[in-house]
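First listed ligand is number 1; within each ligand, the first listed atom is number 1. Only heavy atoms go into these numbers, but all of them, side chains included; no hydrogens, no water, no symmetry mates.
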Amino acid sequence: EAGDHESFMHKEMLEQPAAAARALSGRLDERFGTAHLGGLNMDARETRAIRRVKILGCGSAYYVGQMGAALVEELARIPADAEAASEFRYRDPVIEADTLYVAVSQSGETIDTLLAVQEIRRKGGRVVGLVNVVGSAIARECDGGIYLHAGPEVAVASTKALTNMFLGFALLALQLGRVRDLSIADGRRLINGLTRIPAQIQEILDDEAAIAAVAEQLSEAESVFFVGRVRGFPVAREGAQKFKEISYRHAEAYQTSELKHGPLALISPAVPTVAIVPDDELTDRNVGALHEIAARRGPLVVITHEGVDLGEVDCVRIDVPRNERELDPVLLVVPLQLLAFHAAQRLGHDIDKPRNLAKSVTVE
Ligand code: BG6
């Protein structure tokens with residue numbers, strides 16, 4: 001039962017602060033500035049021997065996998081990337097003994113992800129799972145794992161599980177980093193950032209009414225662009241995914257830097273853009289792109305941090321709280337959940353069970 005909430009998605013979005021706290025509980029080690037993930041079943045020597053990280057998932061789990069790959073590269077300096085599990089198996093992948101494979105799945109039952117895990121293990125690769133449902137098929141097939149502790153997620157559009165997947169990756173990257181060159185000071189800096197996240201998610205949720213008003217405007221558009229760069233790009237992909245899944249409006253994610261190589265041709269007063277512009281190394285370039293969009297009279301919604309100077313650009317601005325830059329994606333994504341939810345609600349759709357979609361796809 002969704003209880004007092006009009007939908008499970010709404011209930012699950014609001015559960016995120018508590019769910020995030022559970023994902024971190026008992027796993028942070030202040031003293032050594034690291035994470036404890038006993039379920040990985042790997043000692044320090046094995047952890048150090050990892051030369052590459054390959055992340056596999058479907059849908060939102062794939063996009064959060066891209067966020068996770070960035071965390072692993074930034075914190076542990078291990079080459080990492082994410083791939084759609086549904087494609088991986090069909091290109092006869094090269095499986096390496098010194099690669100750590102990570103399977104990401106809320107349900108633990110998604111067939112494409114499960115078959116990818118089986119293919120890797122058949123070839124002798126090591127797979128760990130980032131899984132929510134305890135004892136699920138993927139959890140059972142893996143060599144070890146990190147349970148997400150998000151609690152049951154019913155709505156097709158993933159919210160609290162996705163948040164906890166990101167935190168799972170942050171813990172994994174911290175542990176991988178601390179057996180390598182990540183300093184104890186940096187480890188503690190990230191632990192401090194992680195512990196602030198539950199309350200910061202709550203702050204964004206408290207802004208729901210303002211974000212709902214923006215969503216009403218977006219729900220009128222036939223097509224919406226979601227753009228971001230580097231850490232912001234998988235956030236944009238997840239934002240577009242949520243928006244199309246439940247509002248049934250066309251939504252497309254692009255790297256902000258690629259706009260001028262094609263999609264700028266589509267920008268007009270009828271095509272709004274949701275831009276992810278965190279306070280980071282790329283802020284100035286991102287702001288430049290906002291001006292390009294505004295010059296074509298494209299309506300703009302900008303997800304940013306307080307104090308970021310967007311120039312004179314005409315836009316609706318949504319500020320999220322600041323954290324450590326590496327952890328920004330988990331906060332930037334929350335307003336995008338609310339935008340999709342309120343657009344879909346405005347349009348009168350079945351939010352928990354969007355047409356043509358299933359919560360977990362167990363046949364190929
Ligand atoms: C899709 C769902 O079919 O499966 C997505 O519609 C979900 O919302 C994806 O992200 C992966 O599911 P899971 O359970 O493997 O995380």
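Regarding atom 5 (C) of ligand 1, its nearest protein heavy-atom neighbour is Glu245 OE2, 4.0 Å. Scanning the protein for heavy atoms near atom 4 (O) of ligand 1, the closest one is Lys359 O, 4.1 Å. The single protein non-hydrogen atom nearest to atom 9 (C) of ligand 1 is Cys58 O, 3.5 Å, given as residue, atom name and distance. Residue, atom and distance of the protein heavy atom nearest to atom 3 (O) of ligand 1 are Val361 CG2, 3.3 Å. Nearest to atom 2 (C) of ligand 1 among the protein's heavy atoms is Ala358 O, 3.8 Å.
Residue contact check for ligand 1: Val156 places a non-hydrogen atom closer than 4.0 Å to it.
Side-chain polar atoms of Asn192 and Arg188 form no donor-acceptor pair below 3.5 angstrom.
The proximity of Leu357 to ligand 1, defined as any non-hydrogen pair under 4.0 Å, does not occur for either the backbone or the side chain.
You'll find the side chain of Arg52 stays beyond 4.5 Å of the side chain of Asp98, heavy atoms only.
No donor-acceptor pair under 3.5 Å is formed between the side chain of Gln255 and the backbone N or O of Val230. Asp352 places a side-chain N or O within 3.5 Å of a backbone atom of Met9 that can act as its donor or acceptor partner. Gln175 places a side-chain N or O within 3.5 Å of a backbone atom of Leu37 that can act as its donor or acceptor partner.
We find that Arg89 and Glu119 are not joined by a salt bridge, their nearest charged nitrogen and carboxylate oxygen being 4.0 Å or further apart.
An N or O contact shorter than 3.5 Å links Thr110 to ligand 1 by distance.
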